[in-house]
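Take a look at the structure set out below.
Naming convention: chains lettered A, B, ... in sequence-line order (proteins, then strands); numbering from 1 in each chain.
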Amino acid sequence: MAVNTMTKLTLGPIAYHWSADARRDFYARIADEAPVDEVYLGEVICSKRAPFHEADLPATIERLERAGKTVILSTLAEVMLKRERKATEDLAAMDTPEIEVNNAAGLYARGKRPHRIGPFMNAYNDATIAWMAGQGATHVCLPAEMPAPAIAAAAQAAVALGLGVEVQVFGRASLAVSARCYHARAHGRTKDNCQFVCEEDPDGMPLRTRDDRPILRVNGIQTLSESYVDLLPEAAHLIADGVTHLRLMPQAVDMVAVAQVFRDALDGRVPTGEADARLATLIGHAGLSNGFYHGTAGYRRISAAAPA
Amino acid sequence: MSLAELICPAGTPAALRTAVDAGADAVYCGFQDATNARNFPGLNFTPDELAEAVTYAHARGTKVLLALNTYPPAGKVDLWRHAADTGARLGVDAFIVADMGVADYIARTYPGIRLHLSVQAAASSPEATRYYCENFGVKRVVLPRILTIPEIRQLRREIPCEIETFIFGNHGLMVEGRCSLTNYLTGQSTNMDGVCSPASDVEYVRDADGSMSSQLAGFTIDRFGVDEKAGYPTICKGRYAAPHRPEGYYAFEEPISLNLSRLLPELIEAGVHAFKIEGRQRSKSYVRGVVRAFRAAVDDIKAGREANIADLIALTEGQKQTQGAFETKKWR
């Protein structure tokens, strides 16, 4: 890979219900050891979980900023209940740190003050990105299911408007959200009396087909891909097409090591093939996929594009 | 009292005429391409067919709503713009949109034509709805099927536009416009291509023990015993195994239809302006039966008469039906 030291590595918000302790330890290591430039914090999936870890936010922000990371707070993907509307409004009212908006309710509350567009906002095209830029967006994270030609066209438009452009390059892809909690359902409960059973599955609850093939992961109201997206072999193409930020989604694997693999490859210290092999070792049993990027079924793994 | 308009599906020109004749206040339809969320083979309209449909509907006092409710991927936005241009030229009464870029284009180019916010935009709060109303002049929001009646009643007080809710038909489980399950398994996107669990990827496979597997793109979405009727492999209505459910269960929802007949009076009272019947992929006779029954029920309620709810219940007799989120939040 050509040397891409300018490309920023970001760490997306934790999608799962990790305990407050686990989060503190996780972000302490990220602050001290992970070569990521920007870190997204905040509860994006389930508003019921926020009270468990939001008290730690100020300390986590301080810790990460002290380590030289840019911190961004992400808003909820689904906003329906009073507490969700309030949480969104409160975040949108903040001047620092930066805000990533994941629901139109957040856009409404934010007005024309600067903000980032999150992956749940469906910024699929140049017209939408231009509209959002006119409303104060400074940065856009594209939806995980976009194929390469659309990413290139969207990135070109965004860069021309002076926006940062981000694509998820690692971790499970978010495939759906719902008003219903599927974790609670699996345990014969409802969302209101879930007893936070989702905490049992720090990397999502696996679903298998009736002929025993892994297919999807459940995370509360969210459904995720079984495979981890891995666009490390495609990173050079993404960057050449105008993508400025590469997002790693936190999974229950050694994320410091994952970030190091990406940084080494981006900086040209480790050849792409070798870096990708390291990644496969790090994530163990989970499959890797890049199908969305290549315009085919998301779960598929298309072998490396021409070396860049 | 709300207008209680009946918004009816028109997957084909014949279904459109059927729905108009059966008493629809408005019909909704789309072109034969990715610009709408029912981009299924054999469905939808050519521009010429839409022109005839608009003439037919308008002559009978029925409105035509054009669904442009998918999300154009960058590089293909012109297809959506051209569809809007064609719809405007043919005199449709409203566009149903989800993408902000598409909404912005129509609001600027055709300020005289109504914009309805598609369920695909997933506006489930007053703030989200106001965002679209204030920025694009949206006149009506089609609500996600995730709100209870008290929540709808409250929402009604807080937004400056009309409310449309689904009342009958297929019951999707995921937040519309935020679902990539089909793309994950098949490579065709619900948001960008208007495709959901496409028939071209469906296979029914007889297993050695006589059971039947319904598959999508080679994934077993469900398996049925010899005595069971094999269902269509819609991903969110499949049976899967989880660590606590090794026997396999409907992880998301059972294959079930939405039928809000019993709640119709309450929904009208809550201030819902329009009721949407799902089913652009359905037959003429289905459309005729459902539209006639709901027409009679709405007219009865508006006239202060007791509606014959039994007829509406009978429409889904023998099938599983649900009131979904509308009745109780225990659904969640």
Problem set entry | Pairwise distance OG1(B:Thr234) to CD1(B:Ile221) - rounded to 0.5 angstrom | 8.5 Å
Seminar exercise, completed: Rounded to the nearest 0.5 Å, the OH atom of B:Tyr184 sits from the OG atom of A:Ser289 at a distance of 5.5 Å
Just checking, any donor-acceptor pair under 3.5 angstrom between side chains of [X] and [Y]?
X: B:Asp85; Y: B:Tyr105; result: yes
X: A:Gln222; Y: A:Tyr16; result: no
X: A:His139; Y: A:Glu100; result: no

Can you say whether [X] sits under 4.5 Å from chain B via the side chain, the backbone, both, or neither, judging by heavy atoms?
X: A:Pro214; answer: backbone
X: A:Ser225; answer: both
X: A:Met80; answer: both
X: A:Asp211; answer: both
X: A:Glu84; answer: neither
X: A:Arg185; answer: both
X: A:Leu81; answer: side chain
X: A:Asn103; answer: side chain
X: A:Leu216; answer: side chain
X: A:Phe292; answer: side chain
X: A:Ala186; answer: both
X: A:Thr88; answer: neither
X: A:Arg85; answer: side chain

Exercise. Within 45° of the axis and under 6.0 Å from the centre of the six-membered ring of B:Tyr232, does NZ or CZ of B:Lys237 qualify?
Worked result: no
Exercise. Looking at B:Phe224, does the NZ or CZ of B:Arg239 lie under 6.0 angstrom from its six-membered ring centre and within 45 degrees of the ring axis?
Worked result: yes
For this session: Mind ranking B:Arg145, B:Gln188, B:Glu158 by heavy-atom pairs under 4.5 Å with chain A and telling me who comes out on top?
Result: B:Glu158
Problem set entry | chain A interface, residue from B:Leu147, B:Asn135, B:Ile235 that has the most non-hydrogen pairs under 4.5 Å | B:Asn135
Problem set entry | Region of B:Gln154 in contact with chain A, defined by heavy-atom distances below 4.5 Å | neither
Exercise. Given a strict heavy-atom distance threshold of 4.5 Å, which part of B:Glu134 is in contact with chain A: side chain, backbone, both, or neither?
Worked result: side chain
For this session: Give the ring-plane orientation class for A:Trp131 versus B:Phe136, where under 30° counts as parallel, over 60° as perpendicular and anything between as tilted.
Result: tilted
Exercise. Between A:Glu78 and B:Arg178, is the closest basic N to carboxylate O distance under 4.0 Å?
Worked result: no
Problem set entry | Residues A:Arg217, A:Asp201: salt bridge by 4.0 Å N-O rule | no
For this session: Find out whether B:Leu143 and B:Leu155 are in side-chain contact, i.e. whether some heavy atom of one side chain is under 4.5 Å from a heavy atom of the other.
Result: yes
